2 protein chains.
Amino acid sequence: MATIADVARIAGVSRSTVSYALSGKRSISDETRRRIEEAISALGFTPNAGARALKTSQTMVLGLLLQFHQDEFAPAMLEYMLPIADEARENGYDILMVTDANAPQALDRITRSGMVDGVVLLDVTHDDPRLPVLRGARQPGALVGLPASTEGLEVLDLDFGEAARQLVDHLYGLGHREIILISPPKHVFERGGAYSWRFRDAAMERAAKYGIQVFPYFGESRQPAIAVSVNAFLDARPNATAMIVHNDASIAALPAILNSRGVRVPDDLSVVSLYSKNFGRAFSLPYTAVETAPDRLGQQAVQLLVRRIMDPAGAGTPVTRFIAPELTDRGSTK
Amino acid sequence: MATIADVARIAGVSRSTVSYALSGKRSISDETRRRIEEAISALGFTPNAGARALKTSQTMVLGLLLQFHQDEFAPAMLEYMLPIADEARENGYDILMVTDANAPQALDRITRSGMVDGVVLLDVTHDDPRLPVLRGARQPGALVGLPASTEGLEVLDLDFGEAARQLVDHLYGLGHREIILISPPKHVFERGGAYSWRFRDAAMERAAKYGIQVFPYFGESRQPAIAVSVNAFLDARPNATAMIVHNDASIAALPAILNSRGVRVPDDLSVVSLYSKNFGRAFSLPYTAVETAPDRLGQQAVQLLVRRIMDPAGAGTPVTRFIAPELTDRGSTK
DNA sequence: CTGAAAGCGCTTACAG
DNA sequence: CTGAAAGCGCTTACAG
């Protein structure tokens, strides 16, 4: 591979001049610049990333830490990843994708070895074991998902409390007084997926305020358990006129379940949910829903992270930001 | 961050001895090794990746190039990515995920800059614009998907021809003589997704051999076009007793479409398809299908690539390997 | 079994 | 506007 020395030789200048031509950090005469550019394209020169990283302590790579839990419904993950990768590239960064089962160790490894300038943690839990490692790392991080303590961290998440209130308000406004709520699976609560109880608790609180009934159930994440459980909830609450589904796997399966049960939406049952535009499209879902906006979350996570990388001292303190939910009415309620 | 010099100082040895202790490339006395290990864990030392890469010309990172096409159905992509990441890690490699719209340029950049030791190209097309770049790169690559010329390349793909024959044979054996085939969308053919015509052409050929009729149609990738098109195919071929669906988006939507049409499977229509176990589970698909085995494809791609990285000269010539399809009978035919 | 030294390919103060 | 030189943190022949 061509090195900066090759370029310098061919252009008849010193290596430092080539370097400055590349970085633009000092002025270069037009003639010199021309010769350097010519040599660069003649040789197809691209600076060696390792050498650059060694010298500058910057890799222009961001780590992206994904969690994959057993027995979980994965299709939505890609929706976070792609906007993150796109936003990173727009800011000049590449993405190192880390999927190790032992996430804390992997995070320790990529930060200590200086492979990344910062990290994005996806699917952060209440008591996330990656956070102690992140706090000890020299690189900053941005989280998607709300941990118990956000101290010193850039945190982004959907406002699940507000999402729950919007949905309950929507149904209450239409006159519904008995509502089934299908939450994420029990193991998501147990694992510390705070969005699960943030949504449920806000929904319950809102219902109490209005004096209406919301019946919460843990949903399932796999067939055939999903169908069995949804049918059981409906059987248990024959007077319920509406259903709130906060569970990806269950909402994806719902059209088939209701169909085979002969339940028409919204005539027999009003249904609202929580999912992204793309998710709804992939599963042809016809339900009124709050949009989870993974693209906005991912993009903003990268933006916060990049800002923090550029300015580690931090003009401002780290940000915890809740994205405002937006309801898309698809006519699945009445 | 701690450097190898810090470790050497604390352990009271030279830097080279620390390095050799790390690599195991020469024997070290027990006492020395103990002191070095102590110093390493006391300091939390991890070798700097950039320095190591600069010296060894190895980054222990693999590039993973993804294509995301407009108007496409993405949920299956993650199924390739995760096994690739897992297999890479098992071999000591991290994954640089590259999603740039301008893939040839991105590939050029990550190879020339020496960011990766090799690359995996996903979703390779007949005339893939990334291949000229890959052929000019100093790092080897492995492809998933069949290009026009496999010369000098490690190539992996499902045997779509054999998959088509298996499915046609299955239906023929049950007595079906008029079969609807829903292929990938037209733009997949036009873009050069060879799996689209490899499957279709093999199905047609097999049908001709048996003297039965297979009616091929381009499927759609988005709702509501999917439902409209599938209904149109069924209307156009009222005598068809079976359907082969080689189209992710259409098969995902099929249960709802057939349901609303009042078509029972397999009583009114036999249905076979082509999808992975996970995909089928995510969409609760009840159809007999050939498994696409993205996990095996991804794993083997990484294995071939790593072998090639270790032994660039190559004991053997590059491999083009077609994974044998396996039919899973879910009782959707009769 | 161990150490001193060169060098990988860059960037950037220092000097002119 | 440009160049010579140091140094980032490793690895590995060379030497003992």
Side-chain angles (χ1 to χ4, degrees), chain A residues 1-37 39-40 43-61 92 109-117 138-139, chain B residues 1-37 39-40 43-61 92 109-117 138-139:
Chain A
M1 275 286 96
T3 71
I4 200 170
D6 300 324
V7 175
R9 191 163 24 78
I10 291 188
V13 298
S14 72
R15 292 180 305 155
S16 56
T17 301
V18 175
S19 179
Y20 283 116
L22 247 27
S23 67
K25 286 188 181 171
R26 76 181 184 193
S27 44
I28 311 261
S29 72
D30 286 352
E31 166 59 7
T32 302
R33 156 158 288 123
R34 199 190 53 70
R35 288 214 313 278
I36 290 175
E37 278 165 3
I40 286 177
L43 290 168
F45 169 73
T46 302
N48 179 278
R52 190 172 257 186
L54 177 56
K55 187 63 201 174
T56 64
S57 300
Q58 280 204 87
T59 61
M60 301 310 285
V61 173
R109 182 173 61 78
I110 66 167
T111 51
R112 287 199 124 84
S113 65
M115 296 182 80
V116 296
D117 295 341
R138 69 173 187 279
Q139 297 93 334
Chain B
M1 275 284 96
T3 71
I4 202 169
D6 299 324
V7 175
R9 190 163 25 75
I10 291 188
V13 298
S14 73
R15 292 180 305 155
S16 57
T17 300
V18 175
S19 179
Y20 283 116
L22 248 27
S23 67
K25 286 189 182 170
R26 77 182 184 192
S27 45
I28 311 262
S29 73
D30 286 353
E31 166 60 8
T32 303
R33 155 158 289 124
R34 199 191 52 69
R35 289 213 313 277
I36 290 174
E37 279 166 3
I40 286 177
L43 291 168
F45 169 73
T46 301
N48 179 279
R52 191 172 255 186
L54 177 56
K55 186 63 201 175
T56 64
S57 299
Q58 280 203 83
T59 60
M60 300 311 286
V61 173
R109 182 174 60 79
I110 66 168
T111 51
R112 287 198 124 86
S113 65
M115 296 182 80
V116 295
D117 295 341
R138 68 174 189 278
Q139 297 96 331

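Since the structure is predicted, the reported quantities are computational estimates derived from the model, not experimental observations. Letters A, B, ... mirror the listed sequences (proteins, then strands); counts begin at 1. Side-chain atoms are counted along with the backbone in the values below, which use heavy atoms only and exclude waters and symmetry mates.
Between the side chain of A:Ser19 and the backbone N or O of A:Arg15, no donor-acceptor pair lies under 3.5 Å.
Between A:Arg9 and A:Asp6 a salt bridge is recorded (basic side-chain N to carboxylate O distance below 4.0 Å). Look at B:Glu31 and B:Arg34 and you find a salt bridge, because one of the NZ, NE, NH1 or NH2 atoms lies within 4.0 Å of a carboxylate O, short of that distance.
Test B:Ile28, B:Val7, B:Thr32 against B:Val13 for side-chain contact (heavy atoms from CB on, under 4.5 Å) and you get one pass: B:Thr32.
Within the 4.0 angstrom heavy-atom criterion, only backbone atoms of the sugar-phosphate kind lie near B:Thr32; the bases stay farther away. As judged by a 4.0 angstrom heavy-atom cut-off over every strand, A:Ser57 is placed among residues making no nucleic acid contact.
At least one side-chain nitrogen or oxygen of A:Ser29 sits closer than 4.0 Å to the OP1 or OP2 atom of D:dT2. For B:Lys25, a side-chain nitrogen or oxygen approaches OP1 or OP2 of D:dT12 to under 4.0 Å. Phosphate contact (OP1/OP2 of C:dG9, side-chain N/O of A:Thr3, threshold under 4.0 Å): absent. Listed pair B:Ser16 / C:dG3 fails the phosphate criterion, with no side-chain N or O lying under 4.0 Å from OP1 or OP2. Here B:Arg15 does not reach the OP1 or OP2 of D:dC10: none of its side-chain N or O atoms lies under 4.0 Å away.
Where B:Pro47 and B:Arg26 each meet DNA chain D at their nearest nucleotide, the meeting point lying more 5' is that of B:Pro47. Looking at which nucleotide of DNA chain D each of A:Thr56 and B:Leu22 is closest to, the 5′-most match is held by A:Thr56. DNA chain C is contacted by both B:Ile28 and A:Phe45; B:Ile28 maps to the nucleotide lying nearer its 5′ end (nearest heavy atom per residue).
Rounded to an integer number of Å, the gap from A:Arg52 CZ to C:dC8 C1' is 16 Å.
Of the listed nucleotides (C:dT11, D:dG3, D:dT11), D:dG3 has the atom at the smallest distance from the side chain of A:Thr17. Nearest nucleotide to the side chain of B:Lys55, out of C:dC10, D:dT2, C:dA6: C:dA6. Set against D:dG3, C:dT12, C:dG9, the side chain of A:Ser19 has C:dT12 as its closest nucleotide.
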